[in-house]
Amino acid sequence: TMGLVFVLMVVALKAAFDSHDLKVPPIPNMYTLHSWVGLTAAILFGLQWVSGLTVFLFPVAGAKLRSNLLPFHQYYGSAIFALVVAAAMMGLLEKAIWAIKDYNTKTGEGLFVNFMGLMIIAFAMGVTFLLSKFKKSQ
């Protein structure tokens, strides 16, 4: 499943850059915090995925190296998840402010964006709750 996520991430990044580059006139890339956080999350996810494949799935590393790297692998997984949630929230806010002209009047579209943000937060809280309940020994 992580391979599919990686492919979808690459397609999404290509679409994001194309939506800026192919617009007339072109929109600059990488000028918002949303862009920086999102690309950081994407790069870290790619590195995490490749390192997880090479160290944990394929027999490249010995048991000692795997046990030493596991806490870092777990931490960076959680950190990347937090970055993705932050990028999604910033992206929703940017789109709402720039695309919904009457966002401040609480229109249906604006309320829907806010509801999506709350659902992302609820999902993140659920994931972090589940992560806190499972010990390494289980």
Side-chain angles (χ1 to χ4, degrees):
T1 60
M2 295 307 270
L4 176 63
V5 171
F6 183 79
V7 169
L8 291 174
M9 177 192 71
V10 171
V11 170
L13 285 172
K14 174 78 170 118
F17 281 101
D18 281 352
S19 74
H20 283 206
D21 296 338
L22 300 177
K23 197 162 190 136
V24 179
I27 301 171
N29 290 307
M30 303 302 298
Y31 69 96
T32 64
L33 184 59
H34 163 71
S35 301
W36 289 30
V37 170
L39 190 60
T40 301
I43 290 168
L44 288 176
F45 173 75
L47 292 173
Q48 172 90 332
W49 186 64
V50 169
S51 68
L53 277 177
T54 56
V55 173
F56 296 106
L57 184 61
F58 300 124
V60 174
K64 181 70 174 158
L65 180 60
R66 286 182 193 164
S67 66
N68 287 340
L69 289 178
L70 185 60
F72 295 101
H73 186 75
Q74 290 172 330
Y75 166 75
Y76 281 107
S78 299
I80 292 165
F81 179 70
L83 284 173
V84 168
V85 169
M89 299 301 286
M90 285 185 269
L92 282 173
L93 182 61
E94 279 183 19
K95 192 64 173 172
I97 290 173
W98 292 339
I100 305 171
K101 300 300 179 206
D102 54 351
Y103 178 62
N104 63 342
T105 62
K106 299 179 184 163
T107 61
E109 191 176 12
L111 291 174
F112 181 70
V113 169
N114 290 345
F115 179 75
M116 284 189 344
L118 289 175
M119 291 299 101
I120 291 171
I121 291 170
F123 175 73
M125 290 173 65
V127 168
T128 54
F129 172 76
L130 290 174
L131 285 175
S132 71
K133 292 300 170 194
F134 293 104
K135 306 279 187 259
K136 288 182 231 170
S137 61
Q138 294 178 333

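- For the pair G52 and H73, the tightest heavy-atom approach, listed with the atom from each and the gap, is CA-CE1, 3.8 Å.
- Both M2 and V84 are part of a single hydrophobic cluster, where members link through side-chain heavy atoms under 4.5 Å apart.
- The environment of OH in Y76 is sparse: at most 12 heavy-atom neighbours from other residues, nucleotides or ligands sit within 6.0 Å.
- Considering all non-hydrogen atoms of both residues, S19 and A16 come closest at OG-O, 2.8 Å.
- Hydrophobic clustering of Ile, Leu, Val, Met, Phe, Trp and Tyr side chains at less than 4.5 Å, counting indirect connections, unites M90 with F17.
- Within the 4.5 Å cutoff, the side chain of I80 has heavy atoms near those of the Q48 side chain.
- Cluster membership check: V37 does not share its hydrophobic cluster with M116, using side-chain heavy-atom separations under 4.5 Å among Ile, Leu, Val, Met, Phe, Trp and Tyr.
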Between L92 and I120, is the side chain to side chain contact (heavy atoms under 4.5 Å, CB included) condition met? List the steps. CA-CA 10 Å; L92 282 173; I120 291 171; 3.7 Å; yes
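- The side chain to side chain contact (heavy atoms under 4.5 Å, CB included) test applied to D18 returns K14, L22, not counting sequence neighbours.
- Hydrophobic clustering keeps L130 apart from V127 (ILVMFWY residues linked when any side-chain heavy atoms are closer than 4.5 Å, directly or through intermediates).
- Side-chain contact between I121 and M125 is present, with heavy atoms from C-beta onward closer than 4.5 Å.
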Could you please spell out the steps behind the side chain to side chain contact (heavy atoms under 4.5 Å, CB included) verdict for F45 and V5? CA-CA 10 Å; F45 173 75; V5 171; 3.7 Å; yes
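- Within a 6.0 Å radius of CZ in F129, no more than 12 heavy atoms belonging to other residues, nucleotides or ligands are found.
- Residues W36 and Y31 share a closest heavy-atom pair of NE1-N, 4.2 Å.
- Residues satisfying the ring pair (Phe, Tyr, Trp, His ring centres under 6.0 Å) criterion with F112, sequence neighbours excluded, are absent altogether.
- F81 and L47 sit in two unconnected hydrophobic clusters of ILVMFWY residues. Membership requires side-chain heavy atoms under 4.5 Å apart, directly or through other members.
- For E109, the CD atom counts as loosely surrounded, since its 6.0 Å shell holds 12 or fewer non-hydrogen atoms of other residues, nucleotides or ligands.
- In this structure, the side chains of N114 and K106 stay at 4.5 Å or more apart for every pair of heavy atoms.
- Side-chain contact check for K95 versus Y103: every heavy-atom pair is 4.5 Å or farther apart.
- When all heavy atoms of S78 and L131 are compared, the pair lying nearest together is OG-CD1, 3.8 Å.
- A distance of 10.0 Å separates OG1 in T128 from CZ in F123, rounded to the nearest 0.5 Å.
- How far CH2 of W98 is from CG of L93: 9.0 Å, rounded to the nearest 0.5 Å.
- The two residues D21 and P26 make their nearest non-hydrogen contact at O-CB, 3.9 Å.
- Note that CG of L8 and CG of L13 are 11.0 Å apart. Values are rounded to the nearest 0.5 Å.
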